[in-house]
Amino acid sequence: MSTETEARERAGAAGAAESPGWPDLPGDTALTIRVPEANPLVRAGFPAHVTVLYPFLNTSRFTASTHTDLTDLFAARSPFTLTFSEFRRYPGVLYLSPAPDAPVRALTESLTARWHEAVPYRGIFTPPLAPHLTLANHEGPATYEAAYDALESALAPALPLTSHVSAVHLIVTDGPGRGWRDLTTYRLGTGEPTEPGVL
């Protein structure tokens, strides 16, 4: 899943690679928005997505009400549309910036207001990273500028790209190198999850 890789690379660029909290633990979760329209553009080895909150709670911290609370929180938010038309960069990372980003930020703020212990990116970045869709994160400091100049030129004809967001996905990892899998998908603007999980 991109989130760990993205954050680790950016943390390294910021001199925080050895910050407490890495690597992910078995049972760590994240909440993400999938952007399938952007999958053909992604070169980072994972599906296109915008992170809403990483990490969320470890599954060991889930209570009987966690699923209900998440369902209610997302049901209270209307679906929205994101447009991706602008390339941006962190050191070693090429990404697309969603517009508007306010609906994504509002979801993150609602989640962190309800679960204070769920600190975006474990508090490594102040302020937290802006909403973004990572396209590539494989280049080092000596090569990323030229490599991403070329990649931007190649991908520019596919932009702008628009995605309608009607759900947020709760995903979980079994630990470093084990990847991420779905737990539950929550619909925006309704009271029903699309794929109830055992939380």
Side-chain angles (χ1 to χ4, degrees), residues 1-26 28-56 82-101 103-105 107-108 119-163 165 168-169 171-182:
M1 192 280 187
S2 70
T3 320
E4 177 185 356
T5 305
E6 292 169 41
R8 189 187 302 274
E9 288 193 16
R10 282 170 292 198
E18 301 306 316
S19 295
W22 306 109
D24 296 324
L25 300 173
D28 276 355
T29 63
L31 290 152
T32 68
I33 294 167
R34 292 189 182 149
V35 186
E37 298 86 351
N39 280 335
L41 283 64
V42 173
R43 303 295 188 267
F46 43 74
H49 69 279
V50 175
T51 299
V52 175
L53 181 56
Y54 164 81
F56 182 52
L82 297 177
T83 300
F84 300 87
S85 58
E86 184 178 351
F87 295 106
R88 291 190 184 172
R89 299 180 190 183
Y90 295 113
V93 178
L94 176 66
Y95 68 94
L96 293 173
S97 178
D101 68 2
V104 181
R105 290 181 183 274
L107 289 174
T108 305
V119 179
Y121 298 99
R122 303 193 197 277
I124 291 174
F125 304 102
T126 304
L129 298 176
H132 59 280
L133 189 158
T134 297
L135 297 174
N137 61 358
H138 54 280
E139 295 288 339
T143 60
Y144 83 88
E145 292 288 0
Y148 294 161
D149 285 348
L151 186 55
E152 282 187 21
S153 295
L155 298 181
L159 301 182
L161 190 151
T162 300
S163 183
V165 179
V168 175
H169 300 266
I171 60 176
V172 63
T173 182
D174 293 323
R178 304 291 296 276
W180 293 78
R181 57 186 167 80
D182 287 338

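The side-chain contact (heavy atoms from CB on, under 4.5 Å) check on P36 picks up R34, N39, with sequence neighbours excluded. For E152, the salt bridge (Lys or Arg N to Asp or Glu O under 4.0 Å) criterion is met by R89, not counting sequence neighbours. Evaluation of the side-chain hydrogen bond (donor to acceptor under 3.5 Å, both in side chains) rule for T108 yields no partner, not counting sequence neighbours. The side-chain contact (heavy atoms from CB on, under 4.5 Å) search around T83 returns P160, T162, not counting sequence neighbours. By the salt bridge (Lys or Arg N to Asp or Glu O under 4.0 Å) test, R105 is found to be paired with D101, residues two or more places apart in sequence or in another chain being considered. Residues that satisfy the side-chain hydrogen bond (donor to acceptor under 3.5 Å, both in side chains) test with T143, not counting sequence neighbours, are E139.
To the nearest 0.5 angstrom, D149 atom CG is 11.0 Å from F87 atom CZ. Atoms CG and NE2, on L94 and H132 in that order, are 11.5 Å from each other to the nearest 0.5 Å. W180 CH2 to H169 NE2: the interatomic distance, rounded to the nearest 0.5 Å, is 14.5 Å.
In this structure, the side chains of L159 and L96 come closer than 4.5 Å at one or more pairs of heavy atoms. Inter-residue side-chain proximity for N137 and F46 is flagged as met; some heavy-atom pair is nearer than 4.5 Å. In this structure, the side chains of P91 and Y144 come closer than 4.5 Å at one or more pairs of heavy atoms. Between L135 and F84, every side-chain heavy-atom pair lies at or beyond the 4.5 Å cut-off. At a threshold of 4.5 Å between non-hydrogen side-chain atoms, the residues L107 and L31 do not count as touching.
Here the closest heavy-atom approach between residue L82 and residue P100 is recorded as CD2-O, 3.1 Å. Taking each heavy atom of L161 and A38 in turn, the nearest pair found is CD1-CA, 3.7 Å. A pairwise comparison of heavy atoms in A48 and V42 identifies CB-CG2, 3.6 Å as the closest pair. Across all non-hydrogen atoms, the minimal contact from P98 to P131 is CD-O, 3.2 Å. The shortest non-hydrogen separation linking A30 to Y54 is CB-CD1, 4.0 Å. A pairwise comparison of heavy atoms in L41 and L155 identifies O-CD1, 3.6 Å as the closest pair.
Partner of T173 under the side-chain contact (heavy atoms from CB on, under 4.5 Å) criterion, chosen from L25, T29, D24: D24.
Sorted pairs that involve residues 36-45 and meet salt bridge (Lys or Arg N to Asp or Glu O under 4.0 Å), not counting sequence neighbours, are lacking altogether.
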Notebook entry, point to check: Does the pair L129 and Y95 meet the rule for a side-chain contact (heavy atoms from CB on, under 4.5 Å), with working shown?
Noted result: CA-CA 12 Å; L129 298 176; Y95 68 94; over 6 Å; no
